[in-house]
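Here's the structure, in structure tokens; my notes come after.
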Amino acid sequence: MTIEKILVPDLGGADEVDVIEVLVAVGDTVAIEDALFTLESDKASMEVPSPMAGDIVSIDVSVGDKVSEGHLLLTLESSGVEGKAENVTDQNDKVTSPSKKEDQPAATASPVKSSSPDGGNQVKSTGPMYAGPAVRRVAREFGVDLTKINGTGDKGRITKEDLQQYVRSKLQSATGNSGVGADLPEMPLIDYSKFGDVVETPLSKINKLSGSFLHRNWLSIPHVTQFEEVDIVDMEEFRQKHKSQAVEIGVKLTPVVFIMKALQAALVKFPRFNSSLSKDGQSLIMKNYFNIGVAVDTPNGLVVPVVRGVESKGLLALASDLGAMSKKAREKGLSPADMQGGCITISSLGGIGGSAFTPIINAPEVAILGVSKSYLKPVYNSDTGSFEPRLTLPVSLSYDHRVIDGAEAARFIVYFASCLADLENLIL
Ligand code: CAO
């Protein structure tokens with residue numbers, strides 16, 4: 001066993017360089033060529049590899065220090081196995097400086113890779129890795145290994161754009177969204193005041209939160225929307241008959257609660273609609289509970305409270321729950337628990353108007369039902385040979401096509417419509 005001092009090697013002309021990474025700690029055992037430090041000059045970064053195997057006894061520099069050739073970096077107790085190192089000895093201990101390898105322009109110049117000179121994407125096993133301090137700093141902050149990036153700048157230098165492109169492609173492959181969102185042109189920065197008077201208003205907290213979830217769901221889920229029109233003549237007759245009874249107990253009997261009941265019946269018959277994809281996308285988690293989220297429009301933005309146990313509640317109880325949830329959403333604010341555990345969501349714009357829309361799935365659910373305003377539709381009656389006005393409810397079912405096939409979605413919505421149209425059966 002000998003005590004070795006590892007010094008800053010020949011820096012290939014650079015005078016003072018920064019220590020930007022200390023890659024080992026006292027007590028570590030290192031092998032020959034293990035990276036010990038990263039040094040950075042104005043023009044390049046380089047790793048200092050260990051010229052021999054051994055145990056680190058002391059580290060004599062810290063991140064941020066400026067060092068020059070010959071500066072003591074660390075001391076190690078060597079087991080005697082040396083690499084291609086050039087040894088320099090002082091009076092007391094043996095002092096070692098990593099040798100300059102023939103194929104490495106800078107003395108230690110790290111193991112590394114860069115693009116081929118023609119800007120191609122070949123990975124070289126040796127050669128300096130060129131990246132400016134700003135790029136290296138961002139890479140360190142995000143834990144990006146720069147040796148994995150092919151620089152397209154001058155002499156294979158890794159540019160800010162190379163780093164951004166690398167991170168973007170990693171994010172896309174991590175979410176399985178390769179191709180989605182890639183290479184989208186950036187939104188232009190426009191000075192709208194050039195065209196007229198403008199006022200900038202900040203988005204609410206809810207706007208920002210729901211906006212990013214909606215964006216993610218829109219980009220990451222292959223949506224298909226299936227439309228249907230439901231005959232709600234019987235439902236509306238029933239609702240009008242019991243409306244005042246509901247008011248007496250302080251609840252509002254609106255179409256949404258009937259829709260919740262019919263939806264729950266359809267979830268029982270088509271259980272894939274009551275599922276979520278596992279995180280790895282390899283299996284489905286099937287749910288044996290029936291909680292339905294209802295999108296509520298509040299002054300601060302859209303929120304989705306969840307009404308639980310729909311299968312065990314009657315219409316009045318559901319109306320009471322929905323009323324309480326929408327009041328809480330609009331007045332006091334919902335707790336995170338109020339918005340969790342949903343199986344499917346209803347987004348009803350029926351109280352406002354519009355003929356149809358394509359709602360965005362509220363992941364990790366796999367479907368959402370959009371409800372538009374009912375209207376009187378002339379329907380041909382072949383028995384009487386005439387057109388009759390029928391109260392009709394337009395609905396739009398958006399579903400995750402990774403989980404649900406088009407035919408199943410069509411069956412689901414037809415069944416849902418039959419449940420809502422056949423009120424007696426629904427209530428029983
Ligand atoms: N067709 C015709 N009329 C309808 C209807 C429909 N599909 N749905 C509701 N109505 C009627 C109701 O019956 C009520 O009329 P009456 O007072 O005469 O009975 C009126 O419209 C208002 O209903 P409401 O909005 O108070 O109650 P609701 O149960 O229908 O809806 C809720 C509750 C919370 C869904 C609703 O208030 C809401 O916030 N809707 C907006 C949801 C939203 O923003 N979705 C978009 C998400 S994507 O951005």
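Because the structure is a prediction, the values reported are computed rather than measured. Counting starts at 1 for both ligands and their atoms, in listed order.
Among protein heavy atoms, the minimum distance from atom 24 (P) of ligand 1 is reached at K252 NZ, 4.2 Å. Nearest protein heavy-atom neighbour of atom 2 (C) of ligand 1: S374 OG, 3.2 Å. Scanning the protein for heavy atoms near atom 27 (O) of ligand 1, the closest one is T254 CG2, 3.7 Å. Atom 20 (C) of ligand 1 has G351 CA, 4.3 Å as its closest protein atom, hydrogens excluded (heavy atom only). In this structure, atom 38 (C) of ligand 1 lies nearest to the protein heavy atom R330 NH2, 3.5 Å. Atom 45 (N) of ligand 1 has S347 OG, 3.0 Å as its closest protein atom, hydrogens excluded (heavy atom only). Atom 44 (O) of ligand 1 has D297 CB, 3.5 Å as its closest protein atom, hydrogens excluded (heavy atom only). Taking atom 43 (C) of ligand 1 as the reference point, the nearest protein heavy-atom neighbour is L349 CD2, 3.6 Å.
Listed by atom number, the atoms of ligand 1 under 4.0 Å from L393 heavy atoms are 7 (N). Close contacts of ligand 1 with S348, meaning ligand atoms under 4.0 Å from a residue heavy atom, involve 40 (N), 41 (C), 42 (C). For ligand 1 and V256, the ligand atoms under 4.0 Å from any heavy atom of the residue are 28 (P), 29 (O), 30 (O), 31 (O). Per-residue contacts place V294 under 4.0 angstrom from the following atoms of ligand 1 (heavy atoms of the residue considered): 35 (C). The ligand atoms of ligand 1 that sit less than 4.0 angstrom from a heavy atom of R239 are 13 (O), 19 (O).
With D400 as the partner, the side chain to side chain contact (heavy atoms under 4.5 Å, CB included) test is satisfied by one option alone out of L277, V224, N217: L277.
Between the side chains of S58 and T75, a donor-acceptor pair is found at a separation under 3.5 Å. Between the side chains of T152 and D162, at least one donor-acceptor pair of N or O atoms lies under 3.5 Å. Side-chain atoms of S278 and S283 form a donor-acceptor pair, as typed in the model, at a separation below 3.5 Å. Donor-acceptor pairing under 3.5 Å is recorded for the side chains of T147 and D145.
Only side-chain heavy atoms of V371 come within less than 4.0 Å of ligand 1; its backbone N, CA, C and O stay farther off. Neither the backbone nor the side chain of K327 has any atom closer than 4.0 Å to an atom of ligand 1 (non-hydrogen atoms only). No part of I352 comes within 4.0 Å of ligand 1, judged by heavy-atom distances. Residue contacts with ligand 1, taken as heavy atom pairs separated by less than 4.0 Å, do not involve I346 at all. When heavy-atom distances to ligand 1 are checked against a 4.0 Å cut-off, V257 has no atom that comes that close, whether in backbone or side chain.
Selection from M260, K243, K373, E236 by nearest heavy atom to atom 16 (P) of ligand 1 gives K243. Of all the listed residues (V296, T392, L214), V296 holds the heavy atom that lies closest to atom 34 (C) of ligand 1. Distances from atom 5 (C) of ligand 1 to the heavy atoms of P394, G350, G353 put G350 nearest.
Proximity of M325 to ligand 1 is not established, as no heavy-atom distance is less than 4.0 Å. At a 4.0 Å cut-off, not a single heavy atom of P359 sits close enough to ligand 1 to count as contact. Put simply, no part of A319 is less than 4.0 Å from ligand 1, judged by heavy atoms.
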Atom pairs and distances, donor-acceptor, side-chain atoms in residues 366-379, under 3.5 Å, two or more places apart:
unit_1: Y375; atom_1: OH; unit_2: E229; atom_2: OE1; d: 3.1
unit_1: Y375; atom_1: OH; unit_2: E229; atom_2: OE2; d: 2.7
unit_1: K377; atom_1: NZ; unit_2: E229; atom_2: OE1; d: 2.5

In residues 337-344, what donor-acceptor pairs under 3.5 Å come from side-chain atoms, sequence neighbours left out?
unit_1: D338; atom_1: OD2; unit_2: K328; atom_2: NZ; d: 2.6
unit_1: D338; atom_1: OD2; unit_2: S335; atom_2: N; d: 3.0
unit_1: D338; atom_1: OD2; unit_2: S335; atom_2: OG; d: 3.2

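Within a 6.0 Å radius of CD in E237, other residues, nucleotides and ligands contribute 12 heavy atoms or fewer. Other residues, nucleotides and ligands contribute over 12 non-hydrogen atoms within 6.0 Å of the CD atom of Q240.
One finds no salt bridge joining E408 and R411 here, because no Lys/Arg side-chain nitrogen approaches an Asp/Glu carboxylate oxygen to under 4.0 Å.
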From CA spacing to verdict: side-chain contact (heavy atoms from CB on, under 4.5 Å), R330, V296: CA-CA 8 Å; R330 286 175 180 137; V296 177; 3.6 Å; yes
Stepwise side-chain contact (heavy atoms from CB on, under 4.5 Å) test for N207 and N300: CA-CA 7 Å; N207 284 157; N300 290 324; over 6 Å; no
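Note on ring orientation: taking the six-membered ring where Trp is involved, the planes of F270 and F412 are perpendicular (angle over 60°, cut-offs 30° and 60°).
In summary, the aromatic rings of F213 and H215 are positioned with their centroids too far apart to meet the 6.0 Å limit.
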